[in-house]
Amino acid sequence: MDIERKIARLNPRQKEAVLHTEGPLLILAGAGSGKTRVITMRAAYLLHRGAAPRSVLAVTFTNKAAREMRERVAAMVRGGGNGSPVISTFHSLCLNILRREIEHLGFRKDFTVYDTGEQISLLRNILSDIRFHDKTFRIESVLERISRSKNDCVPAAAMASSDDDKIEEVTERLYPRYHEALRTLNALDFDDLLLFALKLFREHPAVLQRYRERFRYLMVDEYQDTNRVQYEFVGMLAGERKNLCVVGDDDQSIYGWRGAHPGNILDFEKDFPGTAVIRLEQNYRSTGHILQAANAVIKNNEKRMEKTLWTAGAPGPRVRIFRAANAEDEARWVADRISMIRLDRNLRWEDFAIIYRANLFSRPFEEALRKLRVPYSVVGGTSYFENREIKDLAAYLKIISNSRDDLSLLRAANVPKRGIGTTALGRLSVFARERSISLLEAFSRAREIAELGAKTAGSAEGFAGMIGRYQSAFQKRRVMAETFAALVEEIRYRDYIRELYKTPEAAMRKIENLDAFISSLSGYAAEEAAPTLQGFLETLALSDFIEEKEEKTGSGVTLISFHSAKGLEFPVVFICGVEEDILPHKKSSGTADAVEEERRLFYVGITRAMKELYMTYAGHRTKYGRQSAVNPSRFLDEIPDEALKRLNNEAPDAEDEERFARKSLAHIKAMLGE
DNA sequence: GTTAGTTCTGTTTTT
DNA sequence: CAGAACTAAC
């Protein structure tokens, strides 16, 4: 086993972190400090020292991080293998626990997990149910508030009344009903996965005890992003033993608005007396000037743990700041620059990233890059599951999997149209409610409903019958994909799509998505030891199927938001739209805390760059169809002069430009010479 | 039950 | 300006 040799090659701080195995440990891992290497090695080392693999638990936030860690640990302990440690996201860990234990909390084991879209339609249904016709608020805000209170671990009744009284008031009325509705639907939302797992631990000490005995070594990655529920959950699991190692960087906490509580990492030492604190400050990613800029910017935050990144490497070129006339000029300059640098530095398109505050800023860059025939891929935006065809078909699978899932039934029932409209659905719902039966059962007894026409009733019964047939068909797990394909065929979904989308291209895209969906089921069935429809729906709900980010950042220049860029690195980075009201965002410049989070966002962007960093801003920008003058971001003033170089159309990078010109001339000559 | 206008509103989004 | 969601008329 060469793990010891690997450990010997670490720097002193890293080594210390790997070798500290018992008791609370806080690893403050600066950007690019080899964090992943340390935690994977630490996991491997625990096994090496004789810990049973199933007693080691590492929790991450993203599937991607979990996957990466699993692979790296597996590679390290290869041959020594009697199983691997449990490496999982918070959500899937809790889901797995709940799958086994949720009956303690009065849910059935076949519960469904609702995504945001389903949450919204559920709230809409409730709203119309109680005839709440006030539309001066956005349903999303209510949802945000609900989610927030779940994440903050505050019971519905005792929510802190704050800024927006209107939303507050509506939320207070809606929350209990929403909660009830989920229960009757035998469904949980994302936040419930964590909340219920915590509830389980709190209310059932015997269950908690079992998990405490099992998981003897805990690691939590990205601890700065944990919210209150996650904090409590981890604390409970750690128990008296307190073999808890948390890894994170308070300077990269950028999810405060989603309930993350950076205080968790700041207070860790207080919460766990006797904590060993290890700072990883040596940076292996970026050149000196980039780090100088990063350090200088983040230093302006009050609430943080002092850290200074340093490198043993070269200072590299200075950070270049370009002032553009407007958004189009900015995009054009960036696109030009990318093509030039690629040639000059002999790089691949994949080595470049354009980072911006909001996804909607991608557009001008896409246009400019297209004009120069530069390949690119945009990360983020509408995700695969938000596509109508996926949601429609998932609704079918969900009602097949959980017959109490009225919400999914409601969606599937009339898509494609089969003559069961809103009125019919309303009557069916009333019938179901009067008899306290599920909506699906009401469908199968539709003929008993006097107000329903014979045709409609027949249609409803036929639908219920079909669902019943597929419920048994999906029991044959090895042929689930075939069954699914047969279902899509039976409901003539492809025809429906072709009619719905006028242009053949759009329809084509949708059909491709649909086919990909079917094959993802066969992929799941092939990979899993004991595949079930429910299991497949879970991988969907937790978006845990392989392609995600790797594919997205797969080819060409990467266009990406600050948030999605966290954890990634690129040789050349362009940070764009560095202006007041964008970064910091207008809505975040109110409080000091919010500005600090914006600054961390900027910091995350800066520290993505390995060799070269550019920042751009515009003098004018079109906002909501209106042209207006804008100011450069206050954060730019925080970068020391000796680390930067300012450019604009009148003052281009003289020496670089000249070299580029010569290079491209040579390039053209070479091409002509061929 | 479907469709074409009309109004409204604008971050970020690991699961 | 552009996309979504809602409304009013087929």
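Below, chains carry the letters A, B, ... as their sequence lines are ordered, and counting in each starts from 1. Remember, predicted model here, so these are calculated numbers, not experimental data.
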| Aromatic stack A:F90/B:dT15: centroid gap under 5.5 Å, interplanar angle under 30° | no
| message | Looking at A:T116, I'd like to know whether one of its side-chain N or O atoms comes within less than 4.0 Å of OP1 or OP2 on B:dT13. | response | no
| task | Consider the side chain of A:W257, meaning its heavy atoms from C-beta on, and name the nucleotide among B:dG1, B:dT11, B:dT12 that approaches it most closely. | result | B:dT12
| query | Does A:N63 have a side-chain nitrogen or oxygen under 4.0 Å from the phosphate oxygens OP1 or OP2 of B:dT15? | reply | yes
| request: Scan A:D225 against the nucleic acid and name what it touches under 4.0 Å (heavy atoms): base, sugar-phosphate only, or nothing. | output: base
| request: Quote, to the nearest angstrom, the P distance that separates B:dT12 from C:dA5. | output: 15 Å
| note | Which of B:dT15, B:dT13, B:dG10 is nearest the side chain of A:Y624? It is B:dG10
| query | Given atom CD of A:E140 and atom C1' of B:dT13, what is their separation to the nearest angstrom? | reply | 14 Å
| Under 4.0 Å: is that the gap between some side-chain N or O of A:S564 and OP1 or OP2 of B:dT13? | yes
| said: Counting only side-chain heavy atoms from C-beta out, which of B:dT15, B:dT11, B:dT14 sits nearest to A:R357? | reply: B:dT11
| Side-chain N or O of A:R363 less than 4.0 angstrom from OP1 or OP2 on C:dG3? | yes
| request: Look at all strands and tell whether A:Y255 reaches a base, only sugar-phosphate, or nothing, counting heavy atoms closer than 4.0 Å. | output: base
| task | Mind checking A:L360 for me? I need base, sugar-phosphate or nothing, with any heavy atom below 4.0 Å counting as a touch. | result | sugar-phosphate
| field | Aro-ring/base stack A:H585-B:dT11, d under 5.5 Å, angle under 30° | value | yes
| task | Identify whether any heavy atom of A:K586 sits under 4.0 Å from a base atom; if not, whether one sits that close to sugar-phosphate; answer base, sugar-phosphate or nothing. | result | nothing
| note | A:E367 atom CD is separated from C:dA2 atom C1', nearest whole Å, by 13 Å
| said: Measure NZ/A:K566 against C1'/B:dT14 and give the value in whole Å, please. | reply: 8 Å
| From A:M615 atom CE to A:I355 atom CD1, the distance as rounded to the nearest 0.5 Å | 10.0 Å
| message | Can you tell me how the ring of A:H563 sits relative to the ring of A:W257, calling it parallel under 30°, perpendicular over 60° and tilted otherwise? | response | perpendicular
| So A:F107 and A:F196, would you call those rings parallel, tilted or perpendicular, with 30° and 60° as cut-offs? | perpendicular
| query | Touch check for A:T60, heavy atoms < 4.0 angstrom, all strands: base, sugar-phosphate only, or nothing? | reply | nothing
| Would you say a side-chain N or O of A:R124 is under 4.0 Å from OP1 or OP2 of C:dC6? | yes
| remark: Rounded to whole Å, the NZ-P distance (A:K391 to C:dA4) equals 10 Å
| query | Which of parallel (below 30°), tilted (30 to 60°) and perpendicular (above 60°) describes A:Y524 and A:F536? | reply | tilted
| Distance, rounded to the nearest Å, where A:I355 contributes CD1 and B:dT12 contributes C1' | 14 Å
| note | Exactly one of A:R304, A:R599, A:R600 clears side chain to side chain donor-acceptor pair (under 3.5 Å) with A:D251, and that residue is A:R304
| query | Can you find a side chain N or O atom of A:S561 that sits less than 4.0 Å from OP1 or OP2 on B:dT13? | reply | yes
| Ring centre gap for A:F61 and A:H91 strictly below 6.0 Å | no
| query | Is any side-chain N or O of A:N227 closer than 4.0 Å to OP1 or OP2 of B:dT14? | reply | no
| field | Length of the line joining A:I139:CD1 and B:dG10:P, which is rounded to integer Å | value | 15 Å
| message | How many whole angstroms separate atom CZ of A:R67 from atom P of B:dT14? | response | 13 Å
